[in-house]
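Quick notes on the structure that follows.
None of these values were measured; they are calculated from a predicted model.
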Amino acid sequence: MTTNSKDLTKNFTNIFKGDKVIWMVFFFLCLISITEVYSASSSLSYRGGNYWSPVLKHVGTIIIGLFFMVVTLNIPCKYFKIFTPFLLAFSFITLVWVLLAGHATNGAQRWISFIGIEFQPSEVAKGTMVLAVAQILSAMQTEKGADRRAMKYILIVCAFIIPLIMMENLSTAVLLSATILCMMIFGRIPISQIGKLVGVIMLVLFLFLGSIMIMGEANDPASSNKTLTENVAGKQKDSSFFNRIFHRADTWKSRINGFLNSKEVPPDKVNLDKDGQKAYANIAIASSNVIGKGPGNSVERDFLSQAFSDFIFAIIIEEMGIEGAVFVALLYLILIFRTGKIANRCEHNFPAFLAMGLALLLVIQAMFNMLVAVGLAPITGQPLPLISKGGTSTVINCIYVGAILSISRFAKKKNRSKETESTHQKLETNRSATTI
C-alpha cells in the first residue's frame, strides 16, 4: 500500500472515531429503519405513483443526518457550551413562531419554513433543553451534590421553553420533562426538592387534564361527518388566544378517553375513521403469529395511516415477530447502558450529564412509542427514534448520537491509576483500623 493510500485510510478512520458499540447500535437501527420504511410506505407509494420514492427520500435524509452526525462527533464536546445561549434564543423564537404561524399537520401547527427548509422547532428545543440542564447541573455541583439553587435555574429555563412545546405537542413536553427529571436525579439534586417538584407537577398535570376534559369535545363515533365538520369549522373561526391554546383539547380528550375505555368493542362496532390506527395496529401485532411474516410481507401497512412513522413498531412486530421487537428494544437498552458507561468514565460533569441526557431523550421516546404501538399508552404523535420515517427528527437524532460519540472521543477520562491507588489506601486504612 502506498503512503498516500495509508494517509487516506487513516484520515477516513479518524473521521469515524468514537465508541464502537454506539456506532454498531446506530447502524443496526438505520438498517432496520430503511427495511421497515421501505415496507411500510405503501400508502405513500400509491399516492405518489412511485414505489421507490419514499424509501429513497428516507435514505437521503439518513445520509444528511449521518453527515451532521460526523461533523458533530468531530467537534470537541467542551465547545458545546458555546452554543447554549444561541440555541435557547433560537428555540424560544421559533416555538413562538410555530405557535402563531406554523404549518398545520394532523391538526397541530408543528412546522415552520426557514430559508426554504421546513423543520419542527420542538425537535431542536428538546436537545437545547438537555444541553442547558447539563450545563447548569455541572456548574452547580458541590462535594455533597448539586447546589439547591440549581433547580431554580433549571425551572426558569424550562418556563420559557416547555409551555410553548406543550401548546402544540403535549406528549413531547411530557417526555422532555421526564428526561429533565431523570437528569436532576443523576445530577444529585436534593431529594427533598425533587419530591416537592414532583408533587407540584402532579397537581398542575391534574388541573391541566381537568381543563382538557372540560374544554374538549370527544368525537362521538355515532356523530355524523357533517356535524364533525361543522364543529371543526366553528373552532377554526374562533381565533381567540384562549382557543389557540386549547385548540387541540378535542384530540387530547379523545385519546385519553380511548385509552381509559377498557370496554371490549365488537369488530363490527369499531369506528375505523376514529380508531383506525389502534385497530389496525392490534391486527398487525395479532397476525404476526410470534415469528412474523417476514420483511416486506406486512398486510396492515396498507391500512395503517402512520405505518411508516408513529406505528412502525407494530409493522416491525408483524414482519419480524416477537424476536424482532425484542431485538429493537435491546438496541435502545444497549444505547442507554453504553452511554452510562461512557458518562461514568468522564472526569468532568458536563459531558457526563449531557451524554446521559441525550441518551435518555432517545430511549424514553423509543420506549413510549413502543408502548403506544402495543396499546399500553395513549396514542401520541411520537415517532420511533432513528427508525421511523422523518425529516427534522431523523437529522436531529443523528446529531444527538454524534454528540454522544464526541463525548466518548474527546471528554477527559478519569485517571484510573489514581482511583486504584486511592482505593488501595482506603482498604489499608480499614484493615489497620480492624486490626487495632
message: For a 4.5 angstrom cut-off between non-hydrogen side-chain atoms, does V124 reach T94?
response: no
dist I136:CD1 -> L155:CG (nearest 0.5 Å) comes out at 9.0 Å
Between E318 and V299, is any pair of side-chain heavy atoms under 4.5 Å apart? yes
Here the pair of heavy atoms bringing C346 nearest to A411 is SG-CB, 3.8 Å
*Flag side-chain contact, heavy atom, 4.5 Å: L384 against Q365*: no
| query | Is the backbone N or O of E36 less than 3.5 Å from a side-chain atom of S39, with the two atoms forming a donor-acceptor pair by type? | reply | no
Open item on the list: Between V328 and F28, does the side-chain contact (heavy atoms from CB on, under 4.5 Å) criterion hold? Intermediate values first, please.
Closed with: CA-CA 9 Å; V328 171; F28 270 119; over 6 Å; no
Show, in sequence, the C-alpha distance, side-chain angles and deciding distance for K389 and I312, and conclude whether the side-chain contact (heavy atoms from CB on, under 4.5 Å) test is met.
CA-CA 9 Å; K389 184 180 184 297; I312 197 168; over 6 Å; no
Are there over 12 heavy-atom neighbours, none belonging to K293, within less than 6.0 Å of that residue's NZ?
yes
What one should report as the nearest heavy-atom pair of M129 and C158 is CE-SG, 3.5 Å
Give a yes or no answer on whether the side chain of S408 reaches the backbone of D19 with a donor-acceptor pair at less than 3.5 Å. yes
message: In the structure I gave you, are the side-chain heavy atoms of C398 and F67 within less than 4.5 Å of one another anywhere?
response: no
CG (L362) and CG (L29) are apart, to the nearest 0.5 Å, by 9.5 Å
Distance col, row M367:CE vs F313:CZ, nearest 0.5 angstrom, shows 8.5 Å
- Task: Output, in order, the C-alpha distance, side-chain angles, deciding distance and verdict of side-chain hydrogen bond (donor to acceptor under 3.5 Å, both in side chains) for S171 and N169.
- Result: CA-CA 6 Å; S171 59; N169 199 330; 2.9 Å; yes
Per side-chain contact (heavy atoms from CB on, under 4.5 Å), I387 is matched among I34, T35, I32, T394 by I32
**Request:** Mind running side-chain contact (heavy atoms from CB on, under 4.5 Å) on S33 and I62 for me, showing each step along the way?
**Result:** CA-CA 9 Å; S33 175; I62 292 177; 4.2 Å; yes
Separation between OG (S287) and CD1 (I317), nearest 0.5 Å, reads 10.5 Å
When rounded to the nearest 0.5 Å, the distance separating CD1 of I334 from CD1 of I336 is 12.5 Å
Q382 and N369 have their tightest heavy-atom pair at O-ND2, 2.7 Å
Check residues 173-197 and write down every donor-acceptor pair under 3.5 Å in which the side-chain atom is one partner and the other belongs to a residue at least two apart or another chain.
| residue | atom | partner | partner atom | Å |
| --- | --- | --- | --- | --- |
| S177 | OG | A173 | O | 2.8 |
| T179 | OG1 | L175 | O | 3.0 |
| R188 | NE | Q141 | OE1 | 3.3 |
| R188 | NH2 | Q141 | OE1 | 3.1 |
| R188 | NH2 | T142 | O | 3.0 |
| Q193 | NE2 | R148 | O | 3.0 |

| query | Under 3.5 Å, is there a donor-acceptor pair between the side chain of Y332 and the main chain of P385? | reply | yes
Closest non-hydrogen contact found for A329 with M370 is CA-CE, 3.9 Å
message = With heavy-atom distances below 4.5 Å as the criterion, would you say the side chains of V133 and F353 are in contact?
response = no
Minimum side-chain heavy-atom gap V401-N397 below 4.5 Å | no
One should read off an interatomic distance between S91 OG and I161 CD1, to the nearest 0.5 angstrom, of 5.5 Å
Quiz item: Can you tell if the side chain of Q120 reaches within under 4.5 Å of the side chain of V98, non-hydrogen atoms only?
Solution: no
- Task: List the steps and the verdict of side-chain contact (heavy atoms from CB on, under 4.5 Å) for F26 and M69.
- Result: CA-CA 11 Å; F26 174 76; M69 176 178 162; 3.5 Å; yes
Original post:
Mind checking whether F350 and F80 have ring centres under 6.0 Å apart?
Top reply: no
### Task
Could you walk me through whether H348 and S138 pass the side-chain hydrogen bond (donor to acceptor under 3.5 Å, both in side chains) test, one step at a time?
CA-CA 8 Å; H348 301 295; S138 63; over 6 Å; no
Smallest heavy-atom separation, A403 atom then T72 atom, equals N-CG2, 3.5 Å
So, do M320 and E323 sit near enough that their side-chain heavy atoms are less than 4.5 Å apart? no
Quick check against the 3.5 Å criterion: does N344 have a side-chain atom that pairs as donor or acceptor with the backbone of G340?
no
Closest non-hydrogen atoms of L358 and V130, given as atom of the first, atom of the second and distance, are N-CG1, 3.7 Å
inquiry  = When you measure from the side chain of T61 to the backbone of K57, do you find a donor-acceptor pair of N or O atoms at a distance under 3.5 Å?
reply    = yes
query: Hey, does the Lys NZ or Arg CZ of K78 hover above the aromatic six-ring of F410, less than 6.0 Å from the centre and inside 45° of the axis?
result: no
**Message:** Parallel, tilted or perpendicular, judged at 30° and 60°: which one describes the rings of W23 and F27?
**Reply:** parallel
